[in-house]
Amino acid sequence: MSAENSATAPTAADAAPLPPLHCLRLLEPGPPRLGKLPTGTPVWLVSRHADVRQVLTDPRMGRAPLYAPDAPAVSLVPNILDDPEAILNLDGTDHQRLRRTVQRAFTPRAIERWRPWVASVVEHLLDELIDQGSPVDLVAAYTRPLPVAVISKLMGLDGLDGKRLAHWSDHALSTTAYTAEAVAAALADFAAFGAELIAQRRASPGDDLVSGLLTAAEESGDISEKQLVSLVIGLVVAGHETTMTTLGNALVYLLGDGRDAWQRLASDEQSATAATEQLLRAVPLGDGQHLPGLLRRAVADVEIGGVAIPAGSVVAADTAAANHDPGVFTGDLLTELFAPLAAPLLTFGAGPHHCLGAWLARMELELGLHRLARRLPALRLTEPVASLDWRRGLLTRSPQSLPAAW
């Protein structure tokens, strides 16, 4: 089913102008407070930096209990995060068993070996972008193809259809953009792709992440075929979506309100490294304050920030608010863009479920921002930020296009 005929009908709210993500008003950090999920389920909203870290690291706060028989509903429409057997939704030894099959490929040392190749991908895309000439759409020419090229190389997905991947990803991360039936159909198609890819690698292993996963799974001996498929398609989505979103939203800031920083960003990779950390901290991935992947359910009574949370409660770790906690972080992007972080950012989570791809995303963002600024010092947006068209109805939000010139 195509995206065009499976999307829900646009509403007046859909057409309303949206602020860029760096201008989004966030929940004021404070003690845990009761709210409601869109399903009507009561949820404890946790927003202070220390409290969010506790939620994400405390073994009494689990993902698996969200899918127990007595668990309340936490999402209106199914998405890729809802599979009870997926790595995200397992805790303890079950989670560690699956995580071990992939984590060796994503250690900082392993990722650093990819730096020269990632840099060459960036330069190749910039060569094509410059040859294409001004003006250009930075999303179509840069922010989307960069992470897709990197994850395709890592997983051995040469020739992957970009439109097909975008279709799967948008449906996999849908909140209101598509119907439940359309999401289920797209995820079934995506899972079939994953199963076919696994079969190909079993028949003809290579030097890629999927082949490595299969070797690790065979050594483990207790990973189901469904879990393998879930790992593969999850890596395909996570491996490009977050980086594409962050890179696009970072450029909205840097070519708009943060334009004065563009020259320094071009000067050296160290400046780009510092700026990447601050951008990851300060610019949320989407409009939602409690992404489904950051929900937990208490398996015992627990005290968080001086508030008693009863066993069985659903808790939302608001990492975006925590990343702006004035008790931890001072200043803003205009004053702090190149300053070291005052505390660890929580964009990638914390604890057992900390994002496996965090170091790869950082590398792509550092190189992508630094090389773009160095090659195109006069780059500018050709339409006001206020008139940008955004990807809507998804867990993440980023510009549909970024018209630019130099």
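Note that the coordinates shown come from a computational prediction; the quantities given were computed from them, not determined experimentally.
- With hydrogens and angles disregarded, no donor-acceptor distance shorter than 3.5 Å links the side chain of T107 to the backbone of Q103.
- Closest approach of A217 and I223 over heavy atoms only: CA-CD1, 4.0 Å.
- A donor-acceptor pair under 3.5 Å is formed between the side chain of Q278 and the backbone N or O of A339.
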- Should D82 and S75 be marked as a side chain to side chain contact (heavy atoms under 4.5 Å, CB included) after you check the CA-CA gap, both sets of side-chain angles, and the distance that decides it? CA-CA 9 Å; D82 283 338; S75 61; 3.4 Å; yes

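- Between R397 and D287 a salt bridge is recorded (basic side-chain N to carboxylate O distance below 4.0 Å).
- Side chain to side chain, E366 and H370 fail the donor-acceptor criterion of an N or O pair below 3.5 Å.
- Side-chain polar atoms of H22 and D257 form a donor-acceptor pair below 3.5 angstrom.
- Using modelled atom types and a 3.5 Å distance limit, the side chains of T273 and R362 yield no donor-acceptor pair.
- Checked by atom type, the side-chain pair Q96/R99 shows no donor-acceptor distance below 3.5 Å.
- The two residues S169 and V237 come nearest to each other via the heavy atoms OG-CG2, 4.0 Å.
- Around the CG atom of D207, the shell of radius 6.0 Å holds no more than 12 heavy atoms that belong to other residues, nucleotides or ligands.
- Judged by distance alone, the side chain of N89 and the main-chain N or O of L81 form a donor-acceptor pair under 3.5 Å.
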- So V102 and L235, side chain to side chain contact (heavy atoms under 4.5 Å, CB included) or not? Walk me through it. CA-CA 10 Å; V102 290; L235 286 169; 4.1 Å; yes

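- Between D127 and R375, at least one side-chain nitrogen of the basic residue sits less than 4.0 Å from a carboxylate oxygen of the acidic one, meeting the salt-bridge criterion.
- Scanning all heavy atoms of the two residues, the minimum distance from A110 to A105 falls at CB-O, 3.8 Å.
- Checking side-chain atoms of T41 against main-chain N and O of L37 turns up no donor-acceptor pair under 3.5 Å.
- Taking each heavy atom of L27 and A321 in turn, the nearest pair found is O-CB, 3.4 Å.
- Side chain to side chain, N323 and R281 fail the donor-acceptor criterion of an N or O pair below 3.5 Å.
- With hydrogens and angles ignored, the 3.5 Å screen pairs a side-chain donor or acceptor of S267 with a backbone N or O of R264.
- E277 places no side-chain N or O within 3.5 Å of a backbone atom of L341 that could act as its donor or acceptor partner.
- Separation of the F190 and H171 ring centroids does not fall under the 6.0 Å cut-off.
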- Message: Assess the residue pair L214 and I198 against the criterion (side chain to side chain contact (heavy atoms under 4.5 Å, CB included)); give the C-alpha distance rounded to whole Å, side-chain angles, the decisive distance to 0.1 Å, and a yes or no.
- Response: CA-CA 8 Å; L214 293 176; I198 288 170; 3.6 Å; yes

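- D332 places a side-chain N or O within 3.5 Å of a backbone atom of T335 that can act as its donor or acceptor partner.
- With 3.5 Å as the limit, one finds no donor-acceptor pair spanning the side chains of N249 and T246.
- Closest of all the heavy-atom pairs between A261 and L337 is CB-CD2, 3.4 Å.
- Between the side chains of T396 and E241, at least one donor-acceptor pair of N or O atoms lies under 3.5 Å.
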- Message: Before you tell me yes or no, could you show the steps for V150 and W117 under side chain to side chain contact (heavy atoms under 4.5 Å, CB included), namely the whole-Å CA-CA distance, both residues' side-chain angles and the distance that decides it to 0.1 Å?
- Response: CA-CA 9 Å; V150 171; W117 181 81; 3.9 Å; yes

- Message: Walk me through whether R33 and S47 qualify under side chain to side chain donor-acceptor pair (under 3.5 Å).
- Response: CA-CA 9 Å; R33 69 207 81 173; S47 55; 3.2 Å; yes

- Would you please test R201 and E196 for salt bridge (charged side-chain N to carboxylate O under 4.0 Å, His left out) and show each step? CA-CA 9 Å; R201 292 297 187 275; E196 182 181 354; over 6 Å; no

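- Under a 3.5 Å cut-off, the side chain of S211 and the backbone N or O of G206 do form a donor-acceptor pair.
- Distance CH2/W44 to CZ/R297: 15.5 Å, rounded to 0.5 Å.
- The backbone N or O of G368 sits less than 3.5 Å from a side-chain atom of Y142, completing a donor-acceptor pair.
- In terms of heavy-atom proximity, A141 sits nearest to V136 at CB-CG2, 3.8 Å.
- Between the side chain of T243 and the backbone N or O of A361, no donor-acceptor pair lies under 3.5 Å.
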